[in-house]
Amino acid sequence: MGEPGLTLDELLAGLEREVARTWREREAAAGVPSPADAEGERCLVISSGSRRIAVPARAVLAVSEMPPVAAVPFSPHWLRGLTRAMGRVVAVVDLARLLAAGSALSAPPGVAPLDEAVRETLLVVQTADGKLDAGLAVLGIARLITLPGLPGRLPAAGELEAWPVALVAGLVPDPGGADLPPVAILDVDRLLGGARAELDA
Amino acid sequence: MSLGQPLDPELLAGFRAEVHGYLPLIGQGIEEFSRAGDPASLVEPHRLVHTIKGAASMLGLAELAESARQGEAALESLMAATGPTAAGAIPAELRVLLELRSAIERLAPSPGSDLPRPGLPRPDLPRPGLPRPAPPRDDVPEAAVAEILRGFRLEAGEYLGASARLLRELARAPGDLTPLAELRRVLHTFKGAAAVVGWERLAGLCHRLEDLAEAALGGPHPLPAAAVDALFAGVEEMEALVLGELPEAAERRAAPPPPWAGRESGETGEAVHVSAEIPAAMPDDLRRLHEILRLSGELMVNHAAFEERLRGLHNQLQELELAVARLRRVARQIEGATESAAVGTLATFAGAEPLAGARRIGGAANLDALDLERYSGLDLLSRSLAENAADLSSVARDLAGELGGAESDRRELKRLTRALQDQMLRFQLAPIGTLAGRLDRAVRATAAQETKRVDLALAGEEVELDRAILAGIADPLLHLLRNAVSHGIEPPAVRSRRGKSEIGRVEVRARLEGSQVAIEVADDGAGLDWAAIDAAAAAAGVAPGAHLLYEPGFTTAASVGEVSGRGLGLDVVKTEVERLRGSVAVESRTGAGTTFTLRLPQSLAIARVVLVRTGGETLGVPAANVVQVLRRGLPEAAAAGVDRGDPSVTEPESGLVVDASGESFPVRDLAELLALPATERTGARRSALLLAAGERRLALGVDDLVGIYDAVVGGLGTLLARVRGVSGAAVAGDGRLLLVLNPAELLAVAASGEAAARGWAAPVAERPSVLVVDDSLSVRRVLAGLLRAAGWEVQLARDGREALELLQDAVRLPSVLVVDIEMPRMNGYELLASLRREPALSRLPVVFLTSRAGERHRAGALALGADGYLVKPYEDAHLLATLTRLAQPEVRRARG
């Protein structure tokens with residue numbers, strides 16, 4: 001992770017090995033079956049505040065360290081700017097700001113800029129029809145996990161606090177433990193579609 | 001042609017071209033009839049519908065022939081009516097012409113119509129009179145085919161230009177058949193050339209037009225206007241093919257829609273078609289070309305990255321050479337010290353007793369064999385060190401030689417890449433003359449509609465322009481030409497009264513201006529009534545000026561009579577031209593005529609940009625819009641408050657204004673305009689670009705000017721269709737993405753007094769910065785690692801002189817300096833003294849970090865104005881705390 005020049009496949013393979021090893025150790029220690037062995041969908045899981053968000057791996061084109069970003073004038077606060085990824089120009093969406101923005105995708109007051117010292121990761125995602133793509137700026141390192149039961153249950157009222165419910169395809173239990181909040185599955189198509197609609201407006 | 005026989009697609013294409021040429025004229029006649037109710041207006045439509053009926057019958061197009069017959073009957077019925085009919089509406093009888101139009105539309109082939117279709121003859125079958133097309137040449141490499149096609153496109157531009165010119169001559173003097181004969185010859189040659197390169201559709205069109213010219217030569221004289229029109233329409237169709245546009249797109253632009261089709265907008269039906277995006281109008285080969293150009297741009301970017309790496313290697317080599325020099329110096333010192341020690345020892349011993357061999361030495365004077373062995377060992381080590389230093393020096397020399405070779409390879413690579421890019425760009429260009437037929441036709445059709453006599457003159461037809469731009473400006477040019485004829489050129493009687501020739505003159509002049517193409521559309525008509533425009537502006541409560549012409553809906557209709565409506569649609573022209581990164585300007589003298597000047601980049605793919613830095617961002621400004629550059633002179637002159645020659649900067653109450661070349665440029669700060677974080681740069685350190693876009697002028701204040709580059713400008717990705725003030729994104733030499741600004745939009749934003757309301761997405765708090773000055777590479781590395789990890793921006797210098805140069809050129813001064821005392825060229829004391837003498841740098845906090853622990857050194861540094869004195873080895877926390885304290889803005893302000 002984070003090594004420049006690493007392809008997504010190499011990254012995923014490496015992560016998968018790491019996850020499998022971790023789960024084997026956990027299984028050996030606690031005697032519980034590993035979710036990685038179960039049927040499910042591969043997702044890249046990232047943290048946002050106290051909650052973990054899963055991005056279906058089929059929507060992810062590339063993962064890299066955050067490259068330099070050219071800021072864009074006259075743009076909403078959640079649009080970090082533009083960067084080059086995979087030889088093309090992609091808009092960089094600050095996922096934390098976008099999720100904090102609420103369902104209207106409008107500017108929330110007082111969202112502090114990111115702490116420069118925290119390492120950021122860029123997930124380049126694409127809609128299912130391939131027409132829209134963007135880079136998601138996320139904090140920390142994405143981990144590959146196979147999540148069973150997708151797309152999961154619908155969130156209950158107020159369960160996601162200020163998050164735009166429309167951007168969440170569903171909630172699934174966090175494989176890390178029952179005491180953890182459920183993992184939110186990001187609906188990449190809606191996210192990019194909504195972002196494009198606001199930018200066009 | 002006998003009925004039931006499959007229709008030759010080339011004949012069909014020619015017929016389509018012919019009837020599409022008739023439709024606007026039919027529409028104009030009917031519109032005139034609906035306006036004035038004069039049956040005479042229907043004479044020409046009737047004749048044309050009759051012609052369509054005959055031709056359709058001959059080609060076996062029964063449905064179309066029947067529609068034409070009904071239309072003809074309807075027209076005859078109206079023409080037979082006695083006296084004028086009620087004006088203001090299209091008579092119900094003429095609704096049948098809708099069916100005629102639909103039937104013609106149904107003739108339109110699908111975009112893939114060049115492919116063989118069931119029931120139609122294969123295109124590669126020979127036809128009488130048409131040279132057999134070249135068979136598919138599998139053995140010819142694609143590159144060669146591309147080269148042949150490129151050459152042919154250039155050749156085709158010449159044929160098209162010549163055809164249009166000859167047709168204009170023919171239209172002016174229909175009785176003189178010399179141009180027609182020449183046209184037939186040109187078409188024949190064109191046909192042969194098109195067939196040789198395998199461009200069958202074009203060859204077929206040439207063939208049909210050649211037949212038409214042949215028939216006209218043997219027909220009645222003077223040549224009927226309809227025949228000239230048909231020839232014009234054919235040439236227009238060929239232009240569309242050569243430009244690489246789809247036939248449907250070309251037809252959409254060929255003429256305003258007939259009145260029965262309904263108006264798109266405005267009062268005159270002159271709505272300009274604006275395609276949403278250039279790429280959408282691009283055919284596949286143009287798209288591929290753009291992609292190849294983009295890739296060649298990437299190659300240039302990678303080259304720049306390679307250049308940067310080589311520069312880094314050169315720097316490292318310099319470091320290595322310095323280290324080797326130090327090593328050699330130390331080796332010499334050790335060698336000298338060893339020899340001195342040995343000589344001293346021997347001298348001491350010699351004073352006690354004369355040397356008499358080793359054995360005796362060891363026995364009599366305490367210089368035993370062990371001492372001698374030690375001396376020899378030290379001597380050997382010293383010599384070995386010197387040898388190793390010499391070896392390293394030799395390696396450094398070899399490395400320098402290799403780097404020189406790599407540098408030479410890089411230059412050659414750059415030359416080849418640039419040559420490749422130039423070739424690709426040339427392939428993308430087409431002469432403006434390829435639009436000649438369409439422009440001429442627009443003038444003729446409008447003049448006929450307005451019952452005016454107008455000559456169109458073209459100059460600079462050979463000037464080449466990006467084919468995508470050429471396709472994009474066709475509509476704006478047609479619009480300006482129709483405006484010139486409709487609203488600029490006076491009716492013959494009026495011209496006569498004003499002492500002008502009854503024949504109006506409209507000129508389209510193209511010329512290359514550096515990397516830009518200027519296209520002027522000039523008429524010798526009535527000109528704009530500036531007084532009326534100013535009056536309309538006053539009535540609307542807006543500032544007067546030519547910019548009003550481009551405001552949506554602006555009109556002087558209520559007050560200026562015959563030039564009324566001149567501004568209608570110009571907003572669309574301006575929008576379209578600006579979308580192509582161009583600008584529009586107008587000059588007009590009442591009674592003497594009007595000139596619109598479009599300035600466009602010659603190529604959309606490559607743009608020469610001036611790179612500027614401001615508010616922490618690097619941005620590109622198209623060089624075509626930059627009138628002048630003021631490097632670090634803006635506020636200095638302003639502060640003086642006096643004129644300083646050319647340009648001069650004054651500060652009237654309205655704000656800072658730069659006067660240059662007789663024009664005033666109001667000053668706006670780019671960072672402020674785009675809501676970028678402000679920087680600390682003030683005073684004489686500010687620079688400015690004097691920009692012009694259309695009628696607007698602006699001096700754009702920036703932190704620094706980086707240089708001028710040829711950038712491959714691309715889109716903004718799939719999520720961002722468009723950003724106001726930004727025309728695209730380019731890749732900088734270091735591989736980073738940078739935005740290329742759209743000066744026209746930026747100047748509009750500045751004029752509106754608006755700034756980026758929502759600001760930039762992620763304003764990042766400015767980090768403290770430090771300049772570390774030390775001649776030891778290891779010290780610089782250790783300090784840089786420590787400080788960067790603590791969140792500092794770090795710059796490095798190897799000695800005092802390098803530090804001073806860095807500071808004098810800096811866009812943003814560091815918050816604090818960390819300086820060693822002993823350094824080559826300029827030591828720490830000298831650097832500090834120089835800083836304190838220079839007003840712009842005198843307030844910089846300086847901390848000494850040295851191994852000199854003596855009080856004498858500390859006192860000397862503090863006396864010179866040092867803000868801190870730390871001794872190596874130092875504690876990280878102490879150093880960081882000291883620097884953090886000194887980097888506080890209030891501390892910096894308090895200095896001095």
Side-chain angles (χ1 to χ4, degrees), chain A residues 4 61 66-94 96-98 106-107 111-118 120 124-127 129-137 188 191-201, chain B residues 291 294-295 298 301-302 615-620 670-671 673-677 713-726 728-732 734-742 745-746 749 754-767 788-793:
Chain A
L61 297 178
M66 179 59 73
V69 174
V72 174
F74 305 106
S75 58
H77 76 291
W78 48 260
L79 184 71
R80 187 76 69 81
L82 294 171
T83 194
R84 284 177 82 218
M86 304 161 63
R88 61 174 105 168
V89 176
V90 293
V92 178
V93 172
D94 187 325
R97 287 182 169 210
L98 183 63
S106 56
V111 177
L114 288 168
D115 179 357
E116 287 276 304
V118 178
E120 282 190 290
V124 182
V125 295
Q126 190 177 46
T127 52
D129 62 8
K131 287 182 178 169
L132 293 177
D133 56 33
L136 300 182
V188 172
L191 181 123
L192 298 191
R196 171 68 192 250
E198 178 166 344
L199 290 168
D200 283 350
Chain B
E291 180 59 16
R294 191 188 65 75
L295 289 174
E298 292 275 332
V301 168
N302 284 336
E617 292 287 332
T618 303
L619 300 156
L670 180 59
L673 209 55
L674 299 177
L676 281 166
V713 182
L716 302 174
T718 57
L719 203 64
L720 268 173
R722 195 171 175 283
V723 176
R724 196 151 53 105
V726 176
V731 184
D734 61 1
R736 288 181 179 220
L737 204 67
L738 59 90
L739 298 186
V740 176
L741 300 175
N742 181 328
E745 290 185 353
L746 206 59
V749 170
E754 179 192 0
R758 287 191 285 190
W760 291 67
V764 176
E766 201 171 280
R767 291 191 293 168
R788 283 185 181 129
W792 289 69
E793 274 182 20

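On a predicted model such as this, the values are computed, not experimentally measured, just so you know.
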Under the side-chain hydrogen bond (donor to acceptor under 3.5 Å, both in side chains) test, residues paired with B:T618 that sit two or more places apart: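 Result, side-chain hydrogen bond (donor to acceptor under 3.5 Å, both in side chains) vs B:T618: none returned.
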Contacts of type side-chain hydrogen bond (donor to acceptor under 3.5 Å, both in side chains), residue B:N742, not counting sequence neighbours: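 Once residues adjacent in sequence are excluded, B:N742 has no partner under the side-chain hydrogen bond (donor to acceptor under 3.5 Å, both in side chains) criterion.
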Structural part of A:V93 lying under 4.5 Å from a heavy atom of chain B: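 For A:V93, the contact with chain B is made by the side chain alone.
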Check [X] against [Y] and note the closest heavy-atom contact, atom names and distance.
X      : Y      : value
A:R196 : B:T718 : NH1-O, 2.6 Å
A:L82  : B:L737 : CB-CD2, 3.4 Å
A:A70  : B:E617 : CA-OE1, 4.1 Å

Largest heavy-atom contact set with chain B, pairs under 4.5 Å, which of A:V69, A:V89, A:L192: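 Most pairs with chain B among the choices: A:V89.
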Does the side chain of [X] reach to within under 4.5 Å of the side chain of [Y], using non-hydrogen atoms?
X      : Y      : value
B:V723 : A:S75  : no
A:V90  : B:L719 : no
B:L720 : A:L79  : yes

